[in-house]
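Chain identifiers are assigned alphabetically (A, B, ...) following the order of the sequence lines, protein sequences preceding nucleic acid strands; residue numbering begins at 1 within each chain. FYI, side chains are in, hydrogens and waters are out, and symmetry mates aren't considered; it's all heavy atoms of this structure.
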Amino acid sequence: APAAPPAPLGCDDPESEAAAEFAVNYINGHSHHGYKFALNRIDSIVVRHQGPNNEIVFLELDLLETTCPILSPTPLANCTVRSFTEHAVEGDCDVKLQKLDGKLSVVASKCHSHADSSEDVLRLCPDCPLLTTLNDTEVLSTVTAALNDHNSKTADAYLRLLEIGRARIQHHPVHVVSVEFAVAATNCSAEEAKDNVEACQLLPDDQSNYGFCTAAETKRPSQNLQVDCQLYGHQVPTPDVPFLSQGTS
Amino acid sequence: AVAKRAVAEAAQHDKVPRPVGFVPPPPPCPGRIRHFKI
């Protein structure tokens with residue numbers, strides 16, 4: 001009698017977890033914006049046997065955004081999942097993998113992300129600031145003020161904005177705009193930039209130095225701006241940030 | 001009504017008696033939640 005087909009894989013089987021981990025590393029390694037995502041749940045797994053030691057695996061994954069920017073060299077295992085009250089962001093991914101002679105490779109992947117609903121956040125935390133659109137005028141104003149503030153005080157390289165990662169606005173009891181944005185060092189010192197900022201260009205990939213800034217601008221009851229920028233130092237492509245060699249938009 | 005009743009009775013008879021303390025295995029998917037569900 002022909003051998004019975006193998007029992008369908010469970011979503012928490014070690015083989016499923018290994019495939020999911022491979023898929024999540026691929027997704028983070030090929031994303032150029034925002035933050036790294038961590039696995040929250042394997043929604044489904046379907047295995048299609050193609051022949052001896054040749055399988056196609058379809059995964060549906062439920063991911064959660066972490067606090068690590070995509071350019072950060074921090075290993076995913078050390079990245080904290082953004083908490084519910086920080087206004088979490090969920091990613092839903094469909095990934096098609098091939099397992100040939102025991103070796104996994106990603107054939108195709110499609111993801112979309114969405115923030116948790118404001119109602120959910122406010123139900124648990126009525127005064128929590130909520131995510132706002134990245135082109136909100138208050139957000140753009142705070143990012144500009146924060147970057148100018150950093151560049152006016154640093155003795156290091158003049159930093160340029162790469163992208164705004166996230167922004168939240170709290171309206172009461174105080175009015176605070178909180179922003180996070182990715183930056184890159186230029187070929188100027190902050191002092192040189194004062195004379196001719198147009199000449200300050202991003203460093204070439206083989207010398208690139210990316211970083212990340214967080215800022216909070218209190219508008220009411222009093223004006224206050226707090227800025228913290230950290231540069232990662234020059235990074236060579238790693239499994240955690242493999243796309244560095246392809247540059248960033 | 002007759003059909004429903006018949007089906008309900010038939011289903012009742014078909015039900016395989018389960019040993020006392022039988023715990024059905026968890027469904028294979030979706031898997032466990034590692035952080036929280038939004």
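A:Asp13 does not touch chain B: none of its heavy atoms, backbone or side chain, sits under 4.5 Å away. Neither the backbone nor the side chain of A:Ser16 comes within less than 4.5 Å of any heavy atom of chain B. Proximity to chain B is limited to the side chain of A:Glu17, based on heavy atoms less than 4.5 angstrom apart.
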| task | Evaluate side chain to side chain donor-acceptor pair (under 3.5 Å) for A:His175 paired with A:Gln170, printing each intermediate quantity in order. | result | CA-CA 5 Å; A:His175 186 162; A:Gln170 180 171 7; over 6 Å; no

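Ion pairing between a basic and an acidic side chain is recognised when a charged N comes within 4.0 Å of a carboxylate O; A:Glu180 and A:Arg82 show such pairing.
Ranked by heavy-atom pairs shorter than 4.5 Å toward chain B, the options A:Leu64, A:Ile45, A:Leu9, A:Asp62 are led by A:Leu64.
Judged as a side chain to side chain donor-acceptor pair (under 3.5 Å), and not counting sequence neighbours, the contacts of A:Gln230 are A:Asp228.
The two residues A:Phe84 and B:Phe36 come nearest to each other via the heavy atoms N-CZ, 3.7 Å. Nearest heavy-atom pair across A:Ile70 and A:Ser31 is CG1-O, 3.2 Å.
Within the structure, side-chain hydrogen bond (donor to acceptor under 3.5 Å, both in side chains) pairs that include any residue of residues 41-50 of chain A comprise A:His49-A:Glu55 (at least two apart or interchain). Judged as a disulfide bond (SG atoms under 2.5 Å apart), the pairs with a partner in residues 38-68 of chain A (not counting sequence neighbours) are, in order, A:Cys68-A:Cys79.
For residues 85-107 of chain A, a heavy-atom distance under 4.5 Å to chain B picks out A:Ala88, A:Val89, A:Glu90, given by residue number.
Within 6.0 Å of NZ on B:Lys37 lie more than 12 heavy atoms contributed by other residues, nucleotides or ligands.
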